[in-house]
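Some notes on the structure that comes next.
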Amino acid sequence: MRALITNDDGIDSGGLRTLVRTAVACGLEATVAAPDGERSGSSASLSALESQGRLLIEERVLDGVPGMTALSVHASPALIVFVGVRGAFGPAPDVVLAGINHGPNTGQAVLHSGTVGAALTAVTHDLPALAVSCAAAQPVHWKSPALVAGRAIAWLLAYRGPPFVLNVNVPDLPPGRLRGVRPAALASFGAVQARIGERGRGYLTTTFSETSEEAGPGSDVALLRQGWATITALEGPTGSEAVDLTQLAWDTGA
């Protein structure tokens, strides 16, 4: 099976290399296409740097992955997936893998993640996807997310059902201290919070810090803090039948 592998931390990310090695070890034929630089927080944005209507792409040697050539793409991860599933980088993939993200993607804040946005873009094209994150800005223990990602990839490839995103978060702990893997609900908030500071003429300052808010039991944030890797199934955009919109319907008679 073919996997398209991308991320939002950029082509030089250590997490990307870890995910590529894990995918290859799982028997996948990997095509690596990642942003040329940092695209965190890009969600499912379809943005790119274009020259005369062209998507700019550069071939790169992926250090630490012998024989693997990667593509550095001047685009957001979601756009990379958007064109990749149409064969832009070779044969269309059977699965999309995104990550391994530097920092967690938990709670309702997954909406803003470029890693999760790339995976959700795959689901809208009827492909299963995996988004993997390590809960540290500068991860040290790559063996744990590699271990969990390998098990998740094997399970996802064997799954038979409607496509969805398997969102995985792993604490930055050595395998011997990892408590295991648990299904988790999304917390009502993300791993970081924003604070609005000084307001001036034409600007305001915003800082981000790890939230100290208590997470609900069984949520991804709570379990991650306790040393568990978490798995959460995310669906693509769907219409809601919970709201009655009949009063808004009208007919021009044309």
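Bear in mind the structure is a predicted one, so any value in this text is a computation, not a measurement.
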[X] side chain vs [Y] backbone, donor-acceptor pair below 3.5 Å:
{"X": "Thr18", "Y": "Gly14", "answer": "yes"}
{"X": "Thr6", "Y": "Ala33", "answer": "yes"}
{"X": "Thr115", "Y": "Gly99", "answer": "no"}
{"X": "Asn169", "Y": "Pro104", "answer": "no"}
{"X": "Ser72", "Y": "Glu58", "answer": "no"}
{"X": "Arg179", "Y": "Gln226", "answer": "yes"}
{"X": "Ser144", "Y": "His141", "answer": "no"}

Measure the spacing between [atom1] of [X] and [atom2] of [Y] and express it to the nearest 0.5 Å.
{"X": "His74", "Y": "Ser47", "atom1": "NE2", "atom2": "OG", "answer": "12.5 Å"}
{"X": "Leu234", "Y": "Leu166", "atom1": "CG", "atom2": "CG", "answer": "8.5 Å"}
{"X": "Trp155", "Y": "Ile231", "atom1": "CH2", "atom2": "CD1", "answer": "7.5 Å"}
{"X": "Asn7", "Y": "Glu38", "atom1": "CG", "atom2": "CD", "answer": "8.5 Å"}
{"X": "Asp172", "Y": "Gln138", "atom1": "CG", "atom2": "CD", "answer": "10.0 Å"}
{"X": "Ser40", "Y": "Asp8", "atom1": "OG", "atom2": "CG", "answer": "4.0 Å"}

Check whether any side-chain heavy atom of [X] sits under 4.5 Å from a side-chain heavy atom of [Y], and report yes or no.
{"X": "Asp36", "Y": "Ile11", "result": "no"}
{"X": "Val168", "Y": "Arg151", "result": "no"}
{"X": "Leu178", "Y": "Pro171", "result": "yes"}
{"X": "Leu157", "Y": "Val95", "result": "yes"}
{"X": "Met68", "Y": "Val20", "result": "yes"}
{"X": "Val65", "Y": "Asp63", "result": "no"}
{"X": "Val116", "Y": "Asn167", "result": "yes"}
{"X": "Thr124", "Y": "Phe82", "result": "no"}

Handout entry: Enclosure of Arg86 CZ (heavy-atom neighbours >12, cutoff 6.0 Å)
Key =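 Yes - once you tally the heavy atoms of other residues, nucleotides and ligands closer than 6.0 Å, there are more than 12.
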Problem - Over 12 non-hydrogen atoms of neighbours within 6.0 angstrom of CD in Glu235 - result: no
Exercise for the section: Could you please spell out the steps behind the side-chain contact (heavy atoms from CB on, under 4.5 Å) verdict for Cys134 and His102? Expected result: CA-CA 6 Å; Cys134 186; His102 292 218; over 6 Å; no
Going by atom type alone, with no hydrogens or angles, which donor-acceptor pairs under 3.5 Å involve a side-chain atom of residues 23-31 and a protein atom two or more places apart or on another chain?
none

Exercise for the section: Verify whether one side chain among Ser133 and Asn105 offers a donor that lies under 3.5 Å from an acceptor in the other. Expected result: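 Ser133 vs Asn105: donor-acceptor pair found between side chains.
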Handout entry: Residues Asp220 and Thr230: side-chain donor-acceptor under 3.5 angstrom
Key =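 Side chains of Asp220 and Thr230: no pair found under 3.5 Å.
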Practice task
For the pair Arg17 and Thr22, evaluate side-chain contact (heavy atoms from CB on, under 4.5 Å) and give the outcome as yes or no after the intermediate values.
Solution key: CA-CA 9 Å; Arg17 286 159 173 73; Thr22 302; over 6 Å; no
Practice task
Could you work out the complete set of other residues in the hydrophobic cluster of Leu173, with links drawn between I, L, V, M, F, W and Y side chains under 4.5 Å apart?
Solution key: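 Members besides Leu173: none; it forms no cluster.
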Practice task
Determine, using the 4.5 Å side-chain heavy-atom cutoff (strictly less than), whether Val73 and Val96 are members of one ILVMFWY cluster.
Solution key: yes
Practice task
List the steps, then state whether side-chain contact (heavy atoms from CB on, under 4.5 Å) holds for Leu156 with Phe164.
Solution key: CA-CA 10 Å; Leu156 191 64; Phe164 66 94; 4.1 Å; yes
Handout entry: Residues Leu4, Phe89; criterion side-chain contact (heavy atoms from CB on, under 4.5 Å); working and verdict
Key = CA-CA 9 Å; Leu4 173 61; Phe89 311 118; 4.2 Å; yes
Problem - Arg39 with Asp9: basic N within carboxylate O range, under 4.0 Å - result: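 Judged by the 4.0 Å cut-off on N to carboxylate O distance, Arg39 and Asp9 do not form a salt bridge.
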